[in-house]
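Note that ligands are numbered from 1 as they come in the structure, with each ligand's atoms numbered from 1 the same way. FYI, side chains are in, hydrogens and waters are out, and symmetry mates aren't considered; it's all heavy atoms of this structure.
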Amino acid sequence: MAALMIAPSILSADFAKLGEEVRAITEAGADSIHIDVMDGHFVPNITIGPGVVKALRPHTKAFFDVHLMIAPVDLFLADFAAAGADLISVQVEAGPHLHRSLQTVRGLGKKAGVVLNPATPVSAIENVLDLVDLVLVMSVNPGFGGQAFIPQAIEKVAQVKGLIGARPIRIEVDGGINPQTAAQVVAAGADTLVAGSAVFSGGPEKYAGNISAIRSAAEAVLHRDAA
Ligand code: DX5
Ligand code: ZN
């Protein structure tokens, strides 16, 4: 299995000092930075655009995992690539043509992710597996941080794992991840964990402890399963 990655979501950071926050979570042990982009149309919230991603880029060498919750999406893919995204994830429903959107991301030289909402069946991605580096299983409905984990995501992770087989595709889970839910989704096959509120709670002096609590809970499962 791919090495475990913890990806703090800056949706829960202090937006008035995002550069400092990104540096702080990098130093605290983040493996990548999860950037939630919302348009007030695909989801009922508005967050950040490519200009902010570009402004954050000099603050860390960490991998930028950009989660686009916008529709239509194609119009903006080149802007996020140019802004410094390393991986760009597209929601299945962003439309109109998921396959084309993923081809475009790959064509821009970036890793491509596809996102399953809680109501989206795993079968929706069967025909695009050759175009993705990551499948993101949403364990909340997209739009806000701090929501409760939806337990059906655990079984969905297992289904995705079965579908991808030996392909080198990461399985990421996003929403309501804390040490307890991290252990549950890793046991089902996830290798990349997004966490917003669980990482940013308590302020910068807590970030390293918050990240390592999630990592330890997840690694305990991996070591148990390997034994
Ligand atoms: C929700 C976002 C998540 C969110 C997770 O639409 O995609 O990345 O920030 O936040 P927590 O970890 O607080 O559920
Ligand atoms: Zn996200």
Side-chain angles (χ1 to χ4, degrees), residues 5-15 18 21-22 25 28 30-49 52-53 56 62-71 73 76 80 85-94 105 111-120 132-154 156-157 170-186 190-203 206-207 209-215 217-218:
M5 289 180 77
I6 312 290
S9 161
I10 58 167
L11 186 59
S12 294
D14 182 343
F15 273 26
L18 272 183
E21 292 277 65
V22 160
I25 49 172
D31 298 301
S32 67
I33 313 287
H34 185 83
I35 302 176
D36 286 306
V37 176
M38 306 187 187
D39 65 354
H41 166 73
F42 184 76
V43 289
N45 195 3
I46 300 176
T47 56
I48 65 181
V52 176
V53 176
L56 289 175
F63 189 89
F64 275 1
D65 163 5
V66 176
H67 176 190
L68 297 182
M69 289 160 272
I70 65 176
V73 67
F76 298 99
F80 282 100
D86 295 295
L87 176 141
I88 298 175
S89 292
V90 176
Q91 299 269 159
V92 165
E93 291 83 3
V105 173
K111 290 191 187 298
V114 66
V115 190
L116 293 163
N117 271 344
T120 311
V132 301
D133 302 285
L134 173 143
V135 175
L136 171 49
V137 175
M138 290 304 297
S139 41
V140 297
N141 285 297
F144 304 96
Q147 301 182 79
F149 179 82
I150 298 171
Q152 285 84 355
I154 300 168
K156 190 178 274 187
V157 167
R170 300 192 73 94
I171 305 177
E172 180 174 57
V173 183
D174 183 5
I177 292 295
N178 55 37
Q180 187 197 348
T181 54
Q184 292 174 307
V185 297
V186 166
D191 53 44
T192 307
L193 304 173
V194 177
S197 41
V199 166
F200 285 92
S201 72
K206 299 280 188 201
Y207 296 168
N210 291 343
I211 291 171
S212 72
I214 296 169
R215 193 187 303 282

task: Report yes or no: does Lys206 contribute a side-chain atom to a donor-acceptor pair with the main-chain N or O of Ser201 at less than 3.5 Å?
output: no

- request: Assess Gly143 for proximity to ligand 1: is some non-hydrogen atom of it under 4.0 Å away?
  value: yes

query: Tell me, do Val52 and Phe15 make a side-chain contact under 4.5 Å, heavy atoms counted?
result: no

query: Quick one: are Val114 and Val92 in side-chain contact, heavy atoms under 4.5 Å?
result: yes

query: For ligand 1, which atoms, with element, lie under 4.0 Å from some heavy atom of Met69?
result: 6 (O), 7 (O)

Atoms of ligand 1, numbered as shown, that sit under 4.0 Å from any heavy atom of Pro142: 6 (O)

field: Beyond-backbone contact of Gln91 with Asn117, side-chain heavy atoms, under 4.5 angstrom
entry: yes

- request: Just go through Val140, Asp174, Ile35, Val115 and tell me whose heavy atom is the nearest to atom 7 (O) of ligand 1.
  value: Asp174

- line: Counting from 1 in the order shown, the ligand 1 atoms closer than 4.0 Å to a non-hydrogen atom of Gly145 are 10 (O), 13 (O)

query: What protein heavy atom sits nearest atom 14 (O) of ligand 1, and how far off is it?
result: Gly176 N, 2.8 Å

- prompt: Nearest to atom 1 (C) of ligand 1, what protein heavy atom do you find, and at what distance?
  reply: Phe144 O, 3.5 Å

From Ile35, Asp36, Val199, residue fulfilling side chain to side chain contact (heavy atoms under 4.5 Å, CB included) relative to Ser9: Asp36

message: Quick one, Leu56 and Phe64 - any side-chain contact, counting heavy atoms below 4.5 Å?
response: yes

- prompt: Is the backbone of Ile171 close enough, under 3.5 Å, to the side chain of Asp191 for a donor and an acceptor to pair up by distance?
  reply: yes

- request: Using distance alone, decide if ligand 1 has a nitrogen or oxygen within less than 3.5 Å of any nitrogen or oxygen in Leu11.
  value: no

- prompt: Given Phe149, which of Val140, Ile177, Asn178 fulfils the side chain to side chain contact (heavy atoms under 4.5 Å, CB included) condition?
  reply: Ile177

- request: Give the numbers and elements of all ligand 1 atoms closer than 4.0 Å to a heavy atom of His67.
  value: 7 (O)

Atoms in ligand 1 flagged as close to Gly175, the criterion being non-hydrogen separation under 4.0 Å: 14 (O)

- prompt: Under the 3.5 angstrom rule, does the side chain of Asn45 hit a backbone N or O of Gly143 as a donor-acceptor pair?
  reply: yes

task: Identify, by atom number and element, the atoms of ligand 1 in contact range of Val194, meaning under 4.0 Å from any of its heavy atoms.
output: 8 (O)

task: Select the closest option to atom 9 (O) of ligand 1 among Ser12, Ser9, Ala13, Ser197, judged by heavy-atom distance.
output: Ser9

query: Counting only heavy atoms not in Phe76, do more than 12 fall under 6.0 Å of its CZ?
result: no

- request: Would you kindly say whether Asn141 and Gln147 are connected by a side-chain donor-acceptor distance under 3.5 Å?
  value: no

task: Give the numbers and elements of all ligand 1 atoms closer than 4.0 Å to a heavy atom of Met38.
output: 6 (O)

message: Quick test: of every protein heavy atom, which one is nearest to atom 12 (O) of ligand 1, and how far off is it to 0.1 Å?
response: Gly196 N, 2.8 Å

statement: Among Ser89, Ala148, Gly146, closest by heavy atom to atom 11 (P) of ligand 1 is Gly146

message: If you consider just the N/O/S atoms, which atom of His67 is the closest one to the Zn ion (ligand 2)?
response: ND1

query: Where the closest heavy atom to atom 2 (C) of ligand 1 is concerned, which of Thr181, Leu193, Asp36 has it?
result: Asp36

- prompt: What's the atom name of the N, O or S in Asp36 nearest to the Zn ion (ligand 2)?
  reply: OD1

- request: Say whether, by atom type as modelled, one donor and one acceptor occur between the side chain of Ser12 and the main chain of Phe200 under 3.5 angstrom.
  value: no

- prompt: Out of Ile33, Ile6, Asn210, which residue meets the side chain to side chain contact (heavy atoms under 4.5 Å, CB included) rule with Ile25?
  reply: Ile33

Atom of Asp174 closest to the Zn ion (ligand 2), considering N, O or S atoms: OD2

field: Phe149 heavy atom under 4.0 Å from ligand 1
entry: no

message: Show me which atoms of ligand 1 lie under 4.0 Å from any heavy atom of Met138.
response: 7 (O)

